[in-house]
Novice: 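Below is one structure. I have some questions about it.
Any value given below was found using the heavy atoms of this structure, including those in side chains, with hydrogens, waters and symmetry copies removed. All chains are named by letter (A, B, ...) in the order of the sequence lines, taking the proteins before the strands, and each is independently numbered beginning at 1.
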Number of protein chains: 2
Amino acid sequence: MTITIKELALKCGVSTATVSRAMNDDPSVKKATKDKVLSFAKKLNYNPNLLARSFVTKKSNIIGLVMPDIFGEFFMEIIHGVDEVCYINKYYTMVSSSHGKRSTAEAIVDFMSKGIVGGIILMTPAINDEIRKILRLNELPTVVISGKRDFDRCDSISIDNYNGAYSLIDYLINSKKIKKIAHISGPLENNDAVQRQRGYLNALEDNGIKVNKNWIIEGDFTTFGGQAASTKLLKMQDRPEVIFAANDMMAIGCYVTARELNLKIPTDFGVVGFDDIFVSQFLNPRLTTTHIPSYDLGKEAATTLIKRMNKPEKNKFEHIIVPTELIIGGSVK
Amino acid sequence: MTITIKELALKCGVSTATVSRAMNDDPSVKKATKDKVLSFAKKLNYNPNLLARSFVTKKSNIIGLVMPDIFGEFFMEIIHGVDEVCYINKYYTMVSSSHGKRSTAEAIVDFMSKGIVGGIILMTPAINDEIRKILRLNELPTVVISGKRDFDRCDSISIDNYNGAYSLIDYLINSKKIKKIAHISGPLENNDAVQRQRGYLNALEDNGIKVNKNWIIEGDFTTFGGQAASTKLLKMQDRPEVIFAANDMMAIGCYVTARELNLKIPTDFGVVGFDDIFVSQFLNPRLTTTHIPSYDLGKEAATTLIKRMNKPEKNKFEHIIVPTELIIGGSVK
DNA sequence: TCTTTACATGAAAACGATTACATTAAAATA
DNA sequence: TATTTTAATGTAATCGTTTTCATGTAAAGA
C-alpha cells in the first residue's frame with residue numbers, strides 16, 4: 001500500500017535526495033521539480049516512513065506523557081490538551097503511567113533510553129530525589145506539570161494552588177462571614193495538597209482567625225477518604241460551619257456523609273472543593289469550588305515542550321503558573 | 001548516556017550479531033556468551049534503540065488507539081486497560097482522536113501510512129463506509145471496539161448493549177412491577193444507542209407492554225440533552241413512572257430536572273441509566289444502571305491485538321462480546 | 001585418524017530516510 | 001569567448017539494529 005522513497009524517486013526520474021528535499025520543502029529544489037515530486041507522491045500515496053526518518057535524524061516527534069495514574073477526569077483533560085496541540089504540530093502522543101509495579105522514575109527512564117520519544121511531559125505529584133537525579137542527567141527535553149515549582153532545570157507548568165485556595169477561603173471569610181472552616185487536605189507528600197493547605201492556613205491567619213488543629217484532617221483525595229474525614233468532623237461537639245475539601249472527590253464524600261447523617265447542605269454545614277470536576281455542577285446543591293483549567297494545562301505543556309524540542313537550549317527555562325478560578329455554587333449558606 | 005550495539009560488542013569482544021542475538025534471547029548463543037553480554041549490557045546501561053529495531057524488523061510494538069474523542073471516563077478507562085496490557089507485554093500506547101477537524105478515518109490512515117504503529121485499536125460509535133473501505137485494504141492488525149458486530153474482517157470487542165438494556169427493562173417490569181417506562185435514547189447513528197433501544201423495545205414487547213411512541217425521545221448522550229428530554233417527558237399529562245436514559249450522563253440530566261421541577265426521585269418518578277460511571281454511585285439516590293466493564297474492554301482489546309500482531313493470520317477473527325451487569329441503586333421506587 | 005554433523009560466531013547486507021559533499025549546467029561577469 | 005559564480009541535482013555514506021549466509025571449531029561417528 002505504501003511505497004518507499006526509492007520507488008517514488010524512480011517514478012519521478014530524480015534521486016532519492018531530491019525527493020527527500022522536496023518532501024521537506026527544501027528551498028534549493030526547483031519549483032517545477034518540487035511540484036512534480038509532490039504530485040507523484042500524492043498520486044502514489046507516498047508517506048515518508050516516520051520510523052526511518054526519526055532513526056536517521058535522531059529526532060522523534062513523539063511526545064511521551066508520563067502520569068502517576070491513568071484515572072480520572074483531570075488526567076483525561078491533560079491528555080486531551082496534549083493531543084490537540086500534538087495534532088496541530090504533527091506530533092504524536094504516547095501515554096505511560098506508573099503501574100503500581102513501576103515507579104514514575106522507571107517510566108521516564110524507559111522512555112528516555114529506548115529512543116522512541118523526543119520529549120517528555122512529566123506529571124507527578126512531587127519530584128523526589130530519584131526523579132530529580134534522572135532529570136538532571138537527562139538529554140531529552142522535558143516539561144514538568146506539577147503542583148509546585150521545585151525543579152528549575154527544565155520547563156515547568158504549575159497550577160496556582162496556593163492562590164486558588166487562598167481566594168476560596170478569603171471568599172468564605174469576607175463574603176460569607178464564615179469563621180469556622182475545617183480542612184480535609186490531600187496526602188501531604190503531594191505538592192498540590194501542601195500548597196492548598198498553605199493557602200488555607202495563610203488566608204485564615206491573614207484574616208485574624210485562629211487555626212483549630214482538630215479541624216485539619218489529612219485525606220487521600222478519594223471520595224471515601226472525604227467521607228471518612230467529614231464524618232469525623234461532623235460528629236465533633238464543636239462542629240465547623242464549612243468544610244474545605246482539597247479536591248472535589250473528597251467534597252463529594254462530604255455530600256455522601258450529609259445524606260448518611262441526615263444533614264442538609266448548605267443549611268446544616270457547607271462544603272467547598274477544589275478542581276471543579278465535571279460532575280460538581282450536577283451535585284445538589286452545585287459545589288462551590290476552584291476551577292483548574294486542566295485542558296489548558298495540557299495544551300500549555302505540549303506547546304512549551306514542542307518549542308523546546310525545536311530549540312533545545314540548556315538554560316533559561318520557562319516556568320508557567322496557571323491561575324485558577326473561583327466557582328460559586330450553592331454549597332455554602 | 002545510552003550506548004549503541006557496536007560499542008557494546010566492542011566491550012564484550014564479540015560481534016554485533018552476537019550481541020543482538022544475546023539481547024533477543026536467541027537459543028543459538030552459548031550460555032556463557034549470553035551471560036557476558038547481558039552483564040555488560042546492564043553495566044554499561046545498554047538499551048536497544050527501539051526505533052532502529054522497529055525500522056529493520058518492520059514491526060512496531062506501538063499500538064495506536066484511535067478514539068472519536070478524548071473525553072470522559074469511558075475512554076479513560078479504555079486507555080487505562082490498554083496501557084496496562086501494553087506495559088506487561090512491553091508494548092507502547094499511542095493515542096489519537098478525531099479532532100473535529102479530522103475524521104476517525106483520517107486518524108486511522110495517518111497511523112497506518114506513517115509506519116509508526118504495529119497495530120490499531122479502533123473505537124468508533126459506528127463503522128461507516130469510509131472506515132470499512134480503509135479497514136478492508138488494511139495490512140495492519142486492527143481490533144475494533146464497537147457497539148455492534150458489524151464488520152467481520154478484523155477482530156472485534158463489543159459490549160452486550162442489547163442484553164444489558166433488555167435485562168434492565170425486564171427487571172423494572174418483573175421485579176418492580178413498572179409498566180410505564182420512557183426512553184431517552186442516544187443519537188441513533190451510534191450503534192450502542194441503537195442496540196440499547198432495541199433491548200428496551202424487545203423487553204417491553206416480550207412482556208406484553210405496548211410501546212408508547214411519545215415516550216421515546218432521541219437524546220445526545222449529554223447531561224443537557226437528558227435534562228431537556230426529561231423535562232419534556234415529565235411535563236406530559238400522561239407521565240411515565242420511570243425514565244430509562246441510554247447513558248448515565250443523561251440520567252444525571254434527569255436528576256437535574258427533578259431538582260428544577262421540585263420532584264423527588266424515586267417517589268415522583270424513577271430513573272435508570274446505562275454505563276455505571278463513577279459518580280453514579282454518589283448520586284442521591286444511587287442510580288440504578290447497567291455496568292460496563294470499560295477497563296476490561298480496553299484490556300481485552302489490547303490482548304487480542306497483541307495476539308494478532310504476533311500471529312497475523314488473515315482469517316478466523318475473534319469477536320468478543322463483553323457482558324454487562326445490572327446495578328441496583330435507589331433511583332426506582 | 002578422518003569425515004561428518006552440529007554448534008557458535010562473525011561478516012556484511014539490508015531497512016528507508018537524510019545530508020555532506022561532489023558534480024553538472026546555467027547564469028553572470030570580465 | 002573564457003572564467004567565475006550560482007543554482008539544482010546526484011552520489012554515497014550514515015544512522016542502529018537484525019538476519020542471512022558463510023566460516024570456523026568442537027563433538028560425534030566410522
Novice: Asn24(A) side chain N/O closer than 4.0 Å to the phosphate oxygens (OP1, OP2) of dT18(C)?
Specialist: yes
Novice: Under a plain distance cut-off of 3.5 Å, with no hydrogens placed, do Tyr87(B) and Asp110(A) share a side-chain donor-acceptor pair?
Specialist: no
Novice: Would you call Lys307(B) and Glu318(B) a salt bridge, taking side-chain N to carboxylate O under 4.0 Å as the test?
Specialist: yes
Novice: Can you tell whether the side chains of Lys34(A) and Asp26(A) come within less than 4.0 Å, N to carboxylate O?
Specialist: no
Novice: Using heavy-atom distances to pick each residue's nearest nucleotide on DNA chain C, tell me which of Phe55(B) and Ser15(B) is more 5'.
Specialist: Ser15(B)
Novice: Figure out the CZ/P separation between Arg21(A) and dG16(C), and round it to whole Å.
Specialist: 20 Å
Novice: Take the protein atom NZ of Lys6(A) and the nucleotide atom P of dA13(D), then report the distance between them rounded to whole Å.
Specialist: 14 Å
Novice: Thinking salt bridges, do Asp35(B) and Lys31(B) make one under a 4.0 Å N-O criterion?
Specialist: yes
Novice: Please report the distance, rounded to the nearest Å, between CD1 in Ile116(B) and C1' in dA17(C).
Specialist: 14 Å
Novice: Could you state the interatomic distance from CG (Asn61(A)) to CG (Asn89(A)), rounded to the nearest 0.5 Å?
Specialist: 10.0 Å
Novice: Does Thr18(B) place a side-chain N or O at less than 4.0 Å from the phosphate oxygens OP1/OP2 of dG10(C)?
Specialist: yes
Novice: Please report, rounded to the nearest Å, how far the C1' atom of dG16(D) is from the CG atom of Asn47(B).
Specialist: 13 Å
Novice: Indicate, with a heavy-atom threshold strictly under 4.0 Å, whether Ser20(A) touches base, sugar-phosphate, or nothing.
Specialist: base
Novice: Look at all strands and tell whether Val19(A) reaches a base, only sugar-phosphate, or nothing, counting heavy atoms closer than 4.0 Å.
Specialist: nothing
Novice: Please state how far atom NZ in Lys58(A) lies from atom C1' in dG16(D), giving the value in whole angstrom units.
Specialist: 8 Å
Novice: Whole angstrom is fine here: how far is it from OH in Tyr46(B) over to C1' in dG16(D)?
Specialist: 7 Å
Novice: Describe the nucleic acid contact of Ser28(A) in one word from base, sugar-phosphate, nothing, applying a heavy-atom distance below 4.0 Å.
Specialist: base
Novice: Regarding Val14(A), tell me which of base, sugar-phosphate or nothing describes its non-hydrogen contacts under 4.0 Å with the strands shown.
Specialist: sugar-phosphate
Novice: What does Asp26(B) touch in the nucleic acid at a heavy-atom separation under 4.0 angstrom: a base, only the sugar-phosphate, or nothing?
Specialist: nothing
Novice: According to a strict under-4.0 Å criterion, is Thr4(A) in side-chain N/O contact with OP1 or OP2 of dG16(C)?
Specialist: no
Novice: Can you tell me the distance, in whole Å, between the CD1 atom of Ile5(A) and the C1' atom of dT11(D)?
Specialist: 14 Å
Novice: Which part of the nucleic acid, if any, lies within reach of Ser54(A) when heavy atoms closer than 4.0 Å are counted: base, sugar-phosphate only, or nothing?
Specialist: nothing
Novice: To the nearest Å, give me how far apart CG (Leu10(B)) and C1' (dG10(C)) are.
Specialist: 14 Å
Novice: If you check the Ala17(A) side chain, which of dT19(C), dT18(D), dG16(C) turns out closest?
Specialist: dT19(C)
